[in-house]
Structures are given as structure tokens and as C-alpha cells.
Amino acid sequence: MTLTIVLLLLLAFGPMLFEARLASRHDRALRAAGAVEPPDDVFQWMQVVYPAVFVAMAAEALFRPHGADALAFAGGCVFALAKALKYWAIASLGPRWTFRVLVPPHSALVTGGPYRVMRHPNYLAVMGELAGFALMAHAVLTGPASVLIFAWLIARRIRVEERALDIHSGGTRRNDPRRPS
């Protein structure tokens, strides 16, 4: 394995491990507070596909040697901005952020931080991570495929999340101007 591939994988999986530990801690606390997970969530697929697409893009990079060119630099910038947005969303959700859809009873909609201007900044950030990594890895085949596959999973996930928020918010989010029609 080349040094570039090792660095790419560390860039992807280092933060992923931190995020998994944080999500697990929040998951336990949310369940203790009475949060319930919807039965139709796509989390089982997401937890396999998300790390797998990074491995696939890194594997493609093995067969498509490249240096630190402008495309890789642009990808690094996109990836860094996506991580910044993701961590802003995580900070805004605080202990309510987790990998799973867990909404405690009578939850209020979070409207601070990036949620002030968009409904799902965390998912936008995840798409940015994938796109940025694809650019850094010069993954012209697995990059677009990864983005499309994960976009499909996120679209399904958003439907589950919206339904769960409607059920557990006591109807308080029906008048949210950021809510999609």
C-alpha cells in the first residue's frame, strides 16, 4: 500500500472511530431517556455501506496512481469543509446526535447552528465527505457510485427521521418553515 492510500484511509477512518464512540455514548443515553428507534430505518445498510465506500474509493486509488495535484487539493478542501459542517451539526444537536434515529418523547426541534438554515446539515456533510474523498482519491468510478448509493440511503433515512420527529414532537414541528413540503 502506498503512503497516499494509508493517509487517505486514516483521514476517513480516524474521525469515523471518534464519531462511532460518541454516537454509541449518545445512543445509550437517549434510550435511557425513553427514545425508541423506528423499525424501518436503513441504519443496518448505512453502517456497512459508509465505511465500505471509503475502502472502495481507496482501492481504486491504488490502481489510479496520482500525486498531490489540484484535484486532490480541492477534494481535501471539500472534505475538510464537510467535516466542519458535520461537527457543527453534532455540536448543535449535542447529546441527541447519534448514528441511529432516536427521538426522545416530546422532543423540541433543534433550530440552532446549521439547523437554523437547513433541515439536514449532517447529511449534506456526509455527502461532502464522500465527494471530497472521491476527489482526493481520483476515484472516477467508485466515487460517483458511492455518492449515488449513499444519497439513496440518505433519502430513505430522511423519510424515517421526518416520520419519527412528527410522531415524537407532539406535532410541534408541523409549522417549521424549513420543513419540506
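- Using a distance-only test at 3.5 Å, with no hydrogens or angles considered, no donor-acceptor pair links the side chain of Arg116 to the main chain of Thr111.
- Annotation: side chain of Thr142 is not in contact with side chain of Val53 (no heavy-atom distance under 4.5 Å).
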task: Check step by step if side-chain contact (heavy atoms from CB on, under 4.5 Å) holds for Val160 and Val42.
output: CA-CA 8 Å; Val160 170; Val42 294; 5.7 Å; no
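- At least one side-chain heavy atom of Phe18 sits less than 4.5 Å from a side-chain heavy atom of Tyr87.
- Leu102 shares a hydrophobic cluster with Leu30; the chain of contacts runs through ILVMFWY side chains whose heavy atoms sit under 4.5 Å apart.
- Nearest approach of Pro114 to Leu85, heavy atoms of both residues: CB-CD1, 3.9 Å.
- Leu148 and Met46 are members of different hydrophobic clusters when ILVMFWY side chains are connected at heavy-atom separations under 4.5 Å.
- Remark: Arg31 CZ to Thr98 OG1 distance equals 8.0 Å, nearest 0.5 Å.
- Using a 4.5 Å heavy-atom threshold, the side chains of Val55 and Phe13 count as touching.
- Interatomic distance, Leu17 CG to Leu22 CG, rounded to the nearest 0.5 Å: 12.5 Å.
- The hydrophobic cluster containing Val78 does not contain Leu7, counting ILVMFWY residues as joined when their side-chain heavy atoms lie under 4.5 angstrom apart, directly or transitively.
- The backbone N or O of Trp97 lies less than 3.5 Å from a partner atom in the side chain of His26, making a donor-acceptor pair.
- Listed by first then second residue, pairs satisfying salt bridge (Lys or Arg N to Asp or Glu O under 4.0 Å) with a partner in residues 148-159 read Asp41-Arg157, not counting sequence neighbours.
- Judged purely by atom type and a 3.5 angstrom limit, Glu37 has no side-chain atom pairing as donor or acceptor with the backbone of Arg100.
- Looking at Glu161 and His120, their side chains do bring a donor and an acceptor atom within 3.5 Å of each other.
- Rounding to the nearest 0.5 angstrom, the gap separating the OG1 atom in Thr4 from the NE2 atom in His138 is 9.5 Å.
- Residues Val126 and Ile158 are members of one and the same hydrophobic cluster, defined by side-chain heavy-atom contacts under 4.5 angstrom among Ile, Leu, Val, Met, Phe, Trp and Tyr.
- Residues Arg119 and Leu109 meet the side-chain proximity criterion, which asks for heavy atoms closer than 4.5 Å.
- Side-chain heavy atoms closer than 4.5 Å link hydrophobic residues (I, L, V, M, F, W, Y) into clusters, and following such links, possibly through other members, connects Met127 to Leu11.
- Considering CD of Glu60 and OG of Ser146, their distance stands at 8.5 Å, rounded to 0.5 Å.
- Taking each heavy atom of Ala137 and Met57 in turn, the nearest pair found is CB-O, 3.8 Å.
- Listed here is the closest heavy atom pair of Leu62 and Thr2: CD2-N, 4.4 Å.
- Looking only at side-chain heavy atoms (C-beta outward), Met16 and Pro51 come within less than 4.5 Å of each other.
- Across all non-hydrogen atoms, the minimal contact from Phe150 to Leu130 is CB-CD1, 3.5 Å.
- Remark: Leu93 CG to Tyr115 OH distance equals 3.5 Å, nearest 0.5 Å.
- Taking each heavy atom of Ala58 and Leu9 in turn, the nearest pair found is CB-CD2, 3.6 Å.
- Phe99 is not listed as a side-chain neighbour of Asp27, based on a closest heavy-atom distance of 4.5 Å or more.
- Side-chain contact check for Asp40 versus Arg163: some heavy-atom pair is nearer than 4.5 Å.
- Closest heavy-atom contact between Tyr50 and Phe54: O-CD1, 3.1 Å.
- Cluster membership check: Phe63 shares its hydrophobic cluster with Leu8, using side-chain heavy-atom separations under 4.5 Å among Ile, Leu, Val, Met, Phe, Trp and Tyr.
- Between the CG atom in Asn122 and the CD1 atom in Ile154 there is a gap of 8.0 Å [rounded to 0.5 Å].
- Put simply, the side chain of Ser92 gets close to the backbone of Trp88: a donor and an acceptor are under 3.5 Å apart.
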